[in-house]
4 protein chains.
Amino acid sequence: MSLREEKTEKKKKEIIHSAMQIIAEKGYYRTTIDDIASKLLITKGTVYYYFQDKQDLLFQSHQLLLQNSIENLKHIHTQPLHPREKLKNAMIAHMDHLLDDQYGFELMHKPEQFFSHQQLEIILQLHRDYTELLDQLIVIGIEDGVFQALDSKVTRNIYLGAMNWLTQWYDNKGKKEKQEILDQMAEYLLNILAK
Amino acid sequence: MSLREEKTEKKKKEIIHSAMQIIAEKGYYRTTIDDIASKLLITKGTVYYYFQDKQDLLFQSHQLLLQNSIENLKHIHTQPLHPREKLKNAMIAHMDHLLDDQYGFELMHKPEQFFSHQQLEIILQLHRDYTELLDQLIVIGIEDGVFQALDSKVTRNIYLGAMNWLTQWYDNKGKKEKQEILDQMAEYLLNILAK
Amino acid sequence: MSLREEKTEKKKKEIIHSAMQIIAEKGYYRTTIDDIASKLLITKGTVYYYFQDKQDLLFQSHQLLLQNSIENLKHIHTQPLHPREKLKNAMIAHMDHLLDDQYGFELMHKPEQFFSHQQLEIILQLHRDYTELLDQLIVIGIEDGVFQALDSKVTRNIYLGAMNWLTQWYDNKGKKEKQEILDQMAEYLLNILAK
Amino acid sequence: MSLREEKTEKKKKEIIHSAMQIIAEKGYYRTTIDDIASKLLITKGTVYYYFQDKQDLLFQSHQLLLQNSIENLKHIHTQPLHPREKLKNAMIAHMDHLLDDQYGFELMHKPEQFFSHQQLEIILQLHRDYTELLDQLIVIGIEDGVFQALDSKVTRNIYLGAMNWLTQWYDNKGKKEKQEILDQMAEYLLNILAK
DNA sequence: GATGAATGAGTGTTCATTCAT
DNA sequence: CATGAATGAACACTCATTCAT
């Protein structure tokens with residue numbers, strides 16, 4: 001990658017980051033291109049220089065987010081840990097990521113409303129990749145006899161729902177430490193699979 | 001209530017129902033008043049005859065939904081059943097309702113973005129009423145020694161998240177019967193509290 | 001006039017009166033038929049029973065107002081007074097009327113914007129009748145040698161402008177009594193014609 | 001001021017001028033943003049690029065008008081003329097301005113109906129500044145013994161009313177020359193203060 | 001006579017998008 | 001590369017008006 005391309009890439013990430021923050025706060029429809037631009041002290045036109053349109057910006061943001069999450073999961077897969085610990089780590093990483101970047105919740109809900117057909121294909125593939133990795137953690141645990149032999153897909157969906165919902169009720173001014181809550185959540189959820 | 005008032009009330013409910021369906025499909029911001037009206041073969045003006053504005057329509061819809069859910073839960077409370085069965089029934093009723101009326105998911109996410117301060121007060125109170133009733137079902141089970149003594153609030157939030165997420169992945173053309181899925185979901189979730 | 005017609009006439013005047021008050025406060029365009037109706041605890045439909053449309057209501061109100069003013073002036077004409085006193089009385093009556101019924105000021109400004117062609121004819125005729133009567137009071141004074149021989153039309157327009165402007169600055173909570181102000185205004189204005 | 005800012009300023013004034021003309025003709029409420037835009041062969045959107053909303057456009061127009069008038073009056077104050085001539089010049093300038101830019105009459109009537117609280121503060125202050133300057137011209141004449149010692153505020157209000165009313169009856173196709181009429185008006189009005 | 005319900009044309013406003021410079 | 005200016009398609013909302021009952 002040339003220096004120029006790197007610079008471009010860096011600028012794009014800046015814009016994506018700014019967009020993600022504002023969309024997380026205000027939601028996709030309430031966020032204007034102006035909001036995103038003015039936060040970075042640039043103009044609307046500049047955003048259009050780097051992205052085709054609002055949808056494209058959203059798409060690239062979402063894609064980046066998912067790719068990062070997948071990388072995370074892959075990394076966890078490679079670690080030499082007990083299946084229960086691996087799954088627990090995956091869940092905690094998921095929630096951690098979610099709370100840092102509250103963004104995206106809106107988009108996980110009916111993504112077909114936000115993306116074009118082509119984009120949707122890619123997004124859904126990434127979703128599948130992510131859930132696949134999650135499923136494997138469950139399946140491995142079952143095969144190892146660590147977990148009950150439940151339906152891995154239903155279980156995974158329960159996990160995703162419960163974890164994603166965290167942004168609704170997590171109170172960062174609450175008494176408990178964040179890590180304590182995430183740990184508790186993970187433990188409770190692991191109860192489902194416990195023998 | 002006079003005949004005329006009843007008719008008005010009926011019409012309002014018709015509009016609310018139409019609105020709920022379209023908002024469930026397309027989301028609040030993509031739904032126009034025209035969409036809602038033309039589905040009922042009436043005009044925009046008529047919608048405005050019954051509701052102050054788009055927000056008011058949304059508010060009244062949401063309020064009605066929550067009130068119905070609360071009634072449901074209250075009814076379950078009065079039934080002479082084992083705590084485990086009560087909680088299971090409550091969960092199944094929640095999910096059943098959700099799948100019938102997919103609406104509302106979007107709104108549960110950051111309701112402060114959709115409602116005025118006054119409206120928000122009312123909505124949040126109804127939320128509290130609902131979760132309170134759910135919590136009680138958990139607490140009673142714990143006190144009766146049927147459930148583990150987990151944190152009822154965290155457990156309840158796991159339940160709500162997992163259940164609300166169902167609309168994301170439930171496939172009504174899938175192999176399994178709806179009732180079978182709901183039962184399975186409830187059973188898995190009850191695992192968390194199982195001794 | 002039959003009893004029924006009288007009742008109708010009375011109701012029309014009620015509506016006209018209500019309309020005049022609100023239009024005086026809020027202006028023609030900011031006043032809705034609903035405003036006028038609800039002040040009288042009747043419905044929009046009822047207003048349309050008595051008047052063809054908003055314009056018609058406005059027209060009839062304005063017409064009534066002008067007719068009353070003309071009657072006033074005619075009455076002053078018949079009184080056995082010194083020309084200066086007659087003119088002064090006419091001015092004070094004009095201002096008195098204006099302050100009671102602040103209405104109409106907006107309409108005197110470019111009436112062609114408010115009325116249909118036919119209506120305009122009638123309104124303008126009434127305007128002419130009124131100014132004619134005012135002019136005569138000036139002319140008589142000049143002929144009697146009481147006033148300077150100024151251009152009566154220009155003088156009359158000065159008088160009308162100065163008087164109609166009163167609603168802009170008259171402060172009914174001010175120190176001076178209303179009658180005192182009106183007297184002072186009239187005296188000052190008479191200075192113009194004074195020899 | 002940069003070239004670009006100057007261009008922007010120029011464009012804003014163009015729009016203001018267009019708006020003032022149409023509002024003078026049709027009144028504020030009958031004037032649509034489309035009217036204003038299409039007169040300049042631009043689109044509605046462009047108007048909104050330069051002004052926040054219709055009210056803002058109105059406010060800025062009115063403000064400009066008043067500022068110009070105040071400048072005029074200040075200039076007259078500095079001239080080495082007899083008090084009577086100064087006042088006469090001020091009156092003629094006022095009327096001249098009014099006839100050129102018929103606009104604004106509607107707004108002087110109950111400005112609180114057109115402007116926001118903040119805007120109103122500014123507008124009223126400008127009104128006060130203007131009338132203050134007018135009052136001074138009267139007071140100076142009185143102190144110099146040129147005028148009768150009448151109440152300067154009442155006199156000023158008579159002057160303003162009579163002058164502003166001119167737009168109602170001035171007929172630019174009439175026999176008399178404009179300057180002749182304005183001179184006559186001023187002379188008649190000065191009669192009031194004449195000893 | 002009176003009303004509640006319904007209408008639809010009109011208008012202000014927003015905002016993603018384009019493009020010449 | 002970046003920007004300011006301009007656009008126009010949408011959309012929420014208002015309100016005079018109509019009409020069946």
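Proteins come first, then strands; the chains are lettered A, B, ... in the order of their sequence lines, and each starts at number 1.
- For NZ of C:Lys39, the number of neighbouring non-hydrogen atoms (other residues, nucleotides, ligands) closer than 6.0 Å is greater than 12.
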For side-chain contact (heavy atoms from CB on, under 4.5 Å), just list the numbers for C:Leu58 and C:Phe51, CA-CA rounded to whole Å, side-chain angles, deciding distance to a tenth of an Å, and then say yes or no. CA-CA 9 Å; C:Leu58 185 76; C:Phe51 298 91; over 6 Å; no

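- A search for salt bridge (Lys or Arg N to Asp or Glu O under 4.0 Å) contacts involving C:Asp53 returns nothing, not counting sequence neighbours.
- At the phosphate of E:dG1, OP1 or OP2 sits under 4.0 Å from a side-chain N or O atom of C:Thr8.
- Toward the 5′ end of DNA chain E lies the nearest nucleotide of C:Thr43, the other residue of the pair D:Gly45 and C:Thr43 mapping further downstream.
- Within a heavy-atom distance below 4.0 Å of DNA chain E, the residues of residues 47-54 of chain B found are B:Tyr49, B:Tyr50.
- Between B:Ile33 and D:Ile42, the residue anchored nearer the 5' end of DNA chain F, judged by the nucleotide with its closest heavy atom, is D:Ile42.
- For C:Lys54, there are no salt bridge (Lys or Arg N to Asp or Glu O under 4.0 Å) partners two or more places apart in sequence or in a different chain.
- When DNA chain F is scanned in the 5' to 3' direction for atoms under 4.0 Å from non-hydrogen atoms of chain C, the outermost contacting nucleotides are F:dC15 to F:dT18.
- The separation between D:Tyr29 atom OH and E:dG10 atom C1' is 16 Å, rounded to whole Å.
- For the strand DNA chain F, secondary-structure stems (runs of at least three Watson-Crick or G-U pairs, all distances below 3.5 Å) span E:2-21 with F:2-21.
- A donor-acceptor distance shorter than 3.5 angstrom exists from the side chain of B:Gln113 to the backbone of A:Glu25, with no hydrogens or angles considered.
- Distance CD1 (D:Ile36) to P (E:dT13): 11 Å, rounded to an integer number of Å.
- Residues that satisfy the salt bridge (Lys or Arg N to Asp or Glu O under 4.0 Å) test with D:Asp35, not counting sequence neighbours, are D:Lys26.
- Per the geometry, CZ belonging to A:Arg30 stands 11 Å off P belonging to E:dC15, to the nearest Å.
- The OH atom of A:Tyr48 sits 10.0 Å away from the CG atom of A:Asp56 when rounded to the nearest 0.5 Å.
- Atom pair D:Leu57:CG and E:dG12:P shows a separation of 11 Å (rounding to whole Å applied).
- Looking at heavy atoms from C-beta onward, C:Lys44 lies out of side-chain contact with C:Thr32 at the 4.5 angstrom threshold.
- Residue C:Ile16 is tested with C:Gln63, C:Gln60, C:Gln21 for a side chain to side chain contact (heavy atoms under 4.5 Å, CB included); the sole match is C:Gln60.
- Remark: A:Thr32 is not in phosphate contact with E:dC15, judged by side-chain N or O atoms under 4.0 Å from OP1 or OP2.
- Under 3.5 Å, the side chain of B:Lys44 and the base of E:dT7 form no donor-acceptor pair of N or O atoms.
- When each of C:Lys7 and D:Arg4 is assigned the nucleotide of DNA chain E with its nearest heavy atom, C:Lys7 is the one assigned upstream, toward the 5' end.
- Rounded to whole angstrom, the span from the OH atom of D:Tyr28 across to the P atom of E:dT11 amounts to 13 Å.
- Note: C:Phe114 and C:His62 fail the aromatic proximity criterion, with ring centroids not under 6.0 Å apart.
- Note: C:Leu120 CG to C:His127 NE2 = 9.0 Å, rounded to the nearest 0.5 Å.
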